[in-house]
There are 2 protein chains.
Amino acid sequence: MAGKIDPCGACDARPNSVCSAIEDTDLARLAAAATSTRIEAGRSFINEGDPADSFFNMTGGTATLYKLLPDGRRQITGFARAGDFLGLAVSSTYAFSAEAIDTVRVCRFPRRKMMELLDDFPAMERRLLARASNELVAAQEQMLLLGRKTAKERVASFLLAQYSRTRKCAHDASPIDLPMTRSDIGDYLGLTIETVSRTFTRLRKDAVIELPSTDSVIITDHDQLLEMAEGSSS
Amino acid sequence: MAGKIDPCGACDARPNSVCSAIEDTDLARLAAAATSTRIEAGRSFINEGDPADSFFNMTGGTATLYKLLPDGRRQITGFARAGDFLGLAVSSTYAFSAEAIDTVRVCRFPRRKMMELLDDFPAMERRLLARASNELVAAQEQMLLLGRKTAKERVASFLLAQYSRTRKCAHDASPIDLPMTRSDIGDYLGLTIETVSRTFTRLRKDAVIELPSTDSVIITDHDQLLEMAEGSSS
DNA sequence: CGTTATCTTGACGTACATCAAATGTCGTGG
DNA sequence: CCACGACATTTGATGTACGTCAAGATAACG
């Protein structure tokens, strides 16, 4: 529980989150249902298979969402950031795990209270549906990537997605922040760290990107990267 | 438009579809919004990139949902059957294509009328949200399959999914119907037809499945198939 | 300024793709 | 009922993109 007087009103993430469906006058209801929590880098806050008794709204930081196979193979299904809503599930247990990459802030909603909120604020439910629809589209795009794209196409697609997540206008050459490790990128793209690394340097040698540091990228040839991502160019 | 008097009340698919959220007394509203259509095998009825002006509710048959790359590579993101709802998208264009495998029946809802229905029947919206959540979970499972599983694990997972889609109780040894071709299965699992075929015969030689015909399978060792699907066994 | 984790680069192996041919299946018409 | 052609599936031989193993190079950190 945030000690603040009006935590939801002051929330940076509200404009991009489902919470913006709730009017200022009803913010107290929202704030009463939520508990703001801070999660240190490396800690997981959702575990696949655990009882799904909470929903989460990310308000800061970046988290990996992933599934594991018994032998430890990992598939990252997405990176969650401020505004993202987690835990949507009909099942009584979580279908995935979530782990903080850097220090993460979330609002936690007990399942029951969240349901009550949805009953009272249908606009919020519609927001959730819109969000789920978008995620579904993204998931289908990722299936195409994982099932049919080459390593080069995967990395190119990934970089473009990271790019367009923040930048609105194309042809912006400022560096893109990559808070995740190569291992995370590999597990997201269905590749190994070695292949991710090799592909990065290949793109650099092709003069499509620059790598000012290990955790940032500059796209120098946006058009060619776009062609690469869909296999139009070699 | 169905010529029947009460098409929705007589609909076989209603119990498993979002339409069941609408009470019998309001069925006329539902029926007025929908147009029932028949689609021949092989014809596509949703095309990626086209204006998304209709929603579809499958009432019969099986359809492939897929995305294409410019050079023709295809990723099937799912197989839609009676009760499935298609076209959920915030975007103004479809993000995927849909093609009938056998003869398909759908109810088509114009976007605007569908929105009005959702405004008036919040229970339907909640059903859609639940459905989207489930699809999201399935999509994450498929990402794990595409990104991290071997060919054998993929085929085993696929067969188990086909199995549990119809059968409720385990240890039912009746044949599973496979309306899709090897090519469809390959494009769904991120494999080639040859690899799918080879893996089928490998599973048959391992005495885990039987192949009474090319479009049906019998699971003879459910437990071992389950182990295979997650890589617990070799 | 060593210590440790992450990233890069190289040499080699392999699971699956590709290419090619044989076999099976099914509808059509003689 | 059988012959035929078109197409799907199976099976085999070979290639390759990416994985695995191993060693340095960088960067993070006390």
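Everything numeric in this text was worked out from a predicted model, so none of it was measured. Proteins come first, then strands; the chains are lettered A, B, ... in the order of their sequence lines, and each starts at number 1.
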Nearest non-hydrogen partners of A:L146 and B:G147, listed with the distance
CD2-CA, 4.1 Å
With heavy atoms under 4.0 Å as the rule, sort B:T181 into base, sugar-phosphate or nothing.
sugar-phosphate
Give a yes or no on whether A:D102 atom CG has more than 12 heavy-atom contacts from other residues, nucleotides or ligands under 6.0 Å away.
yes
Heavy-atom contact window of chain A on DNA chain C, given 5' to 3' at under 4.0 Å
C:dC7 to C:dA11
Under a criterion of less than 4.0 angstrom to any heavy atom of chain A, what are the 5'-terminal and 3'-terminal contacting nucleotides of DNA chain D?
D:dC18 to D:dC21
On DNA chain C, more 5' by nearest nucleotide between A:R148 and A:F200 is A:F200
Looking at residues at least two apart in the chain, or sitting in another chain, which of them share a side-chain hydrogen bond (donor to acceptor under 3.5 Å, both in side chains) with A:E141?
B:K67
Using a 4.0 Å cut-off on heavy atoms, which residues in residues 206-220 of chain A reach DNA chain C? List them by number, or say none.
A:T214
Check for a donor-acceptor pair, side chain of A:Q142 on one end and backbone N or O of A:Y188 on the other, with a separation under 3.5 Å.
yes
Taking for B:T201 and for A:T192 the nucleotide of DNA chain D with the nearest heavy atom, the one nearer the 5' end belongs to B:T201
Minimum heavy-atom distance A:E48-A:Y66, with the two atoms named:
OE1-O, 4.4 Å
Got a sec, which pairs hit ring pair (Phe, Tyr, Trp, His ring centres under 6.0 Å) with one end in residues 84-105 of chain A, sequence neighbours left out?
A:F55-A:F85
Can you name the closest pair of heavy atoms from B:D215 and B:D177 and give their distance?
O-OD1, 3.6 Å
A:R73 and A:D187 ion-paired at < 4.0 Å
no
Closest non-hydrogen contact found for B:L203 with B:L225 is CD1-CD1, 4.3 Å
By the 4.0 Å heavy-atom rule, please label A:L191 as base, sugar-phosphate, or nothing.
sugar-phosphate
Rounded to the nearest 0.5 angstrom, the CG-CD1 distance for B:L144 and A:I76 is 12.0 Å
Would you find more than 12 non-hydrogen atoms of other residues, nucleotides or ligands less than 6.0 Å from A:R182 atom CZ?
yes
Looking at every strand, decide which applies to A:G186 at a 4.0 Å heavy-atom threshold: base, sugar-phosphate, or nothing.
nothing
Whether A:R148 side chain and B:L191 backbone form a donor-acceptor pair below 3.5 Å:
yes
Show the nearest heavy-atom pair for residues B:R74 and B:D184, with the distance to one decimal.
NH2-OD1, 2.9 Å
How large an angle, rounded to 10°, do the end axes of the helix from C:dT8-D:dA23 to C:dG30-D:dC1 enclose when each is built from five base pairs?
40°
